[in-house]
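Note that these values count all heavy atoms, side chains included, but never hydrogens, waters or copies made by symmetry. All values derive from a computational prediction rather than experimental measurement.
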Amino acid sequence: MENVIGSNIYNILAVIGLVAVLVPIRVSVSTKTIELPLLVVFTVGALVLLAARERVSRVEERRS
């Protein structure tokens with residue numbers, strides 16, 4: 001799990017950062033106002049689940 005997180009951080013900071021220095025990246029308004037806040041909300045939710053140290057599994061539906 002740590003490798004995945006480290007890889008994502010590296011990709012964001014190094015790869016995208018280097019490209020942004022060479023060629024400016026334009027970000028649409030919808031990305032800033034809708035997608036970025038949703039990303040933050042889901043990330044915080046995932047961190048809460050990780051901090052709880054409980055097993056995350058599918059909810060099984062009972063049919064009668």
Donor-acceptor contacts, no H, no angles, side chain residues 20-32, under 3.5 Å, sequence neighbours left out:
| unit_1 | atom_1 | unit_2 | atom_2 | d |
| --- | --- | --- | --- | --- |
| Ser28 | OG | Ser30 | OG | 3.3 |
| Ser28 | OG | Thr31 | N | 3.4 |
| Ser28 | OG | Thr31 | OG1 | 2.9 |

Got a sec, which hydrophobics cluster with Phe42, joining ILVMFWY side chains under 4.5 Å apart, including via others?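 Traced through the cluster, Phe42 reaches Ile34, Leu38.
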Residue pairs involving residues 5-16 (criterion side chain to side chain donor-acceptor pair (under 3.5 Å); sequence neighbours excluded): none
Output all residues satisfying side chain to side chain contact (heavy atoms under 4.5 Å, CB included) with Leu39, sequence neighbours left out; order by chain, then residue number. Leu36, Thr43
Set of residues satisfying side chain to side chain contact (heavy atoms under 4.5 Å, CB included) with respect to Leu13, sequence neighbours excluded: Ile9
